[in-house]
Amino acid sequence: MSALNLYDTATRQISEFKPLIAGEVSIYVCGATVQGSPHIGHIRSAVNFDILRRWLIHSEYKVTFIRNVTDIDDKILQKAIIEKTSWWALAMKYEREFSHAFAAVNILPPTYEPRATGHITQMVQLMQTLVDNGAAYAPGNGDVYVEVRKLKRYLRLSHQRIEELLPAEGSDASYKRDPRDFAMWKSAKPGEPSWPTPWGEGRPGWHLECSAMAYAYLGECFDIHGGGLDLIFPHHENEIAQSEAAGFGFANRWLHNAWVTQSGEKMSKSLGNSLLADVILERVRGVELRWYLGSAHYRSMLEYSQAALDESAVAFRRIENFLNRAQEILSVAPQGVVGDSFAKAMNDDLAVPAGLATISENLRLGNQAITDGDRNALSKNASELRGALQILGCDPLDFTLTASTQLTSALSGVIALALQERTSARERSDFAASDAIRDGLLALGITIEDTAQGPRWSIMEKS
RNA sequence: GGUCCGGUGGCCGAGAGGCGAGGCAAGGGACUGCAAAUCCCUCUACACGGGUUCAAAUCCCGUCCGGACCUCCA
């Protein structure tokens, strides 16, 4: 099998992935700042990295996957005041919303999911290291800043030059040695949550959290750091700055996922164009949303439209229908097998769109095999199809709705009776009667297909 | 101003020097009592202008257009 090649934001090139430790992969992905409800852009990011993770697991790596929760930041504090609740209650509320949405689209739980506020000790230690070695300074106002001009390799991820950065607007430069110095630690204002440090009471800055937690769970050096495109600067640059100033190797490779856009523009609250996950999940099932979000290449913008989402869901149902039929005909669930062409696509920087072509091929050939009664071909194509879907986290045979089995078996019995009546009517050419049964079932949301193996029924999904 | 990404057929979306990925839609056909499902066939393309090359959607230069980041962001 070909080797896995991945893009690296730092080098802007695709190169062969070589883990630090043979057979193991360590990944840190920046998770949510739980200051609001998840929109489908957040979900896309999670799906993209989940596909990476599943592919690595399939490639027989032992994967340690960290996705953090930023449960304290300026906006959480502000919003808690507006909503007249405590910051921790607000953070937990949105953290739960994210967890529900992630579960709905079949995201594997991270190996560890650390919260920022649970790692203050590690953050203070990291700051102490930087203050001791002169990379950071505490000017006496309770803040701690990293002195960016002392950093040798600052901004190498975004390939910018310090001199060319636009001056930060509204930043309090009075205590900073350079206006571009960034805060590791912020002094507490009255009424704000705070933790003690040698430099005063305060709370962590955003960037410090990730450096400290990555070190806590993955050590000084790890394989892959992921996140959204917008985190490259400043967040990831500043993480690198802190961790390297502490003497850590930090991330070997950087992966960044692109946006879900609307009318070509990034989805964001300030533009008022956020598509909240729970709203979309009323329209399509989780597996269908995942299929849609996962189908684009992770580095390409995904322009959202309802038509595209619906079309994608219909396409998924065709695949699902085929796999269900295959399972019925073979009397056994096809085992998931990853075919060579799908593997080749995935190894090429997770080229899911190219992989989709092989899925289409398996679908077409599999359907043909059903028509031809070729069980071997059916088994092969259904297995490869299922294998590909498993990597994408969209295996319909795994993603089944767990309805009450008692109710389901009673329902299938009733429908089977109706279908028997219909078959009898057709045999005596009483098409009025047979169509009445079909129409009646259709009105209840039950679709009938006449196949070579006899009639089969399925319940229409919510549209 | 700096750093990047992109523009492919009616639509979506791959490819990155030489065989027109794939899907959706459309048209035709097979199957069917009809329908659905399924299969087969057909069709259309590389923003614009130069250049390099035997050969350019692909490489180079320029132009136009869209988008992202530059201290809130997946």
Side-chain angles (χ1 to χ4, degrees), chain A residues 9 12 29-33 35-36 38-49 70 73-75 78 98 148 155 157-171 179-183 205-207 226-235 237-238 256-261 263-270 295-297 299-303 305 307-308 310-312 314-315 318 321-322 325 341 345 348 351-361 363-372 426 429-431 434-435 438-439 442 447-452 455-456 458:
Chain A
T9 307
R12 291 182 193 145
V29 175
C30 289
T33 301
Q35 61 189 17
H39 60 60
I40 61 172
H42 297 118
I43 303 304
R44 181 191 181 185
S45 180
V47 168
N48 287 154
F49 286 106
T70 297
D73 88 322
D74 292 353
K75 282 206 171 166
Q78 289 165 15
F98 270 86
V148 296
L155 304 182
L157 196 59
S158 58
H159 296 252
Q160 306 205 84
R161 285 149 44 103
I162 291 182
E163 298 75 28
E164 282 157 354
L165 292 180
L166 290 178
E169 53 184 74
S171 73
R180 283 156 290 226
D181 291 351
F182 63 89
W206 180 30
H207 319 301
L229 216 47
D230 52 353
L231 300 185
I232 294 174
F233 184 87
H235 186 51
E237 293 287 13
N238 291 350
H256 293 274
N257 68 278
W259 310 129
V260 179
T261 58
S263 309
E265 288 183 316
K266 177 183 170 183
M267 189 169 294
S268 74
K269 281 169 200 149
S270 53
S295 64
H297 187 91
R299 286 192 283 118
S300 299
M301 300 293 170
L302 175 61
E303 169 68 17
S305 76
D310 291 346
E311 183 187 295
S312 172
V314 168
R318 286 184 66 210
N321 196 34
F322 164 71
R325 278 190 75 186
S341 59
D348 182 15
V352 175
L356 257 31
T358 73
I359 288 175
S360 294
E361 170 104 345
L363 179 63
R364 186 173 55 80
L365 294 176
N367 274 317
Q368 210 166 42
I370 290 176
T371 309
D372 297 345
R426 293 178 71 200
S429 295
D430 184 355
F431 298 121
S434 92
D435 288 351
R438 186 172 65 199
D439 293 346
L442 187 63
T447 312
I448 305 304
E449 291 167 48
D450 291 318
T451 72
R456 62 189 295 276
S458 53

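Remember, it's a predicted structure, so these values are computed and weren't measured experimentally. Below, chains carry the letters A, B, ... as their sequence lines are ordered, and counting in each starts from 1.
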For A:Asp450, what residues pass the salt bridge (Lys or Arg N to Asp or Glu O under 4.0 Å) criterion, not counting sequence neighbours?
A:Arg422, A:Arg426
Can a side chain N or O of A:His42 be found less than 4.0 Å away from OP1 or OP2 on B:A74?
yes
Under the rule for side-chain hydrogen bond (donor to acceptor under 3.5 Å, both in side chains), what residues qualify as partners of A:Asp181, not counting sequence neighbours?
A:Tyr137
Dot-bracket encoding of pairs in RNA chain B, which uses [ ] for pseudoknotted crossings and | for another strand, Watson-Crick or G-U under 3.5 angstrom
(((((((..(((.....[...))).(((((.......)))))....(((((..]....))))))))))))....
Could you list the protein-to-nucleotides 9-14 of chain B atom pairs, N/O on both sides, closer than 3.5 Å?
from, atom 1, to, atom 2, distance (Å)
B:A14, OP1, A:Ser300, OG, 3.4

Is the shortest side-chain N/O distance from A:Lys266 to OP1 or OP2 of B:A74 below 4.0 Å?
no
State the CD1-CG distance between A:Ile370 and A:Leu365, to the nearest 0.5 angstrom.
11.5 Å
Applying side-chain hydrogen bond (donor to acceptor under 3.5 Å, both in side chains), can you list everything that pairs with A:Glu361, at least two apart in sequence or on another chain?
A:Arg364
Residues at least two apart in sequence or cross-chain that pass side-chain hydrogen bond (donor to acceptor under 3.5 Å, both in side chains) with A:Arg325, listed by chain then number, are A:Gln453
I'd like to check the side-chain contact (heavy atoms from CB on, under 4.5 Å) partners of A:Ser295; sequence neighbours left out, ordered by chain and number.
A:Leu356
Residues which pass salt bridge (Lys or Arg N to Asp or Glu O under 4.0 Å) with A:Arg161, listed by chain and number, not counting sequence neighbours
A:Glu164
For A:Val314, which contact category applies under a 4.0 Å heavy-atom criterion: base, sugar-phosphate, or nothing?
nothing
At under 4.0 Å between heavy atoms, how does the protein contact nucleotides 31-38 of chain B? Give one character per nucleotide, 5' to 3', with B, S or -.
--BBBBSS
So for A:Gln160 and B:G2, does any side-chain atom that can act as donor or acceptor lie under 3.5 Å from a complementary atom in the base?
yes
Please identify each residue that fulfils ring pair (Phe, Tyr, Trp, His ring centres under 6.0 Å) with A:His256, with sequence neighbours left out.
A:His236
The side-chain hydrogen bond (donor to acceptor under 3.5 Å, both in side chains) partners of A:Ser312 (sequence neighbours excluded) come to none
With sequence neighbours excluded, tell me which residues meet ring pair (Phe, Tyr, Trp, His ring centres under 6.0 Å) with A:Phe49.
none
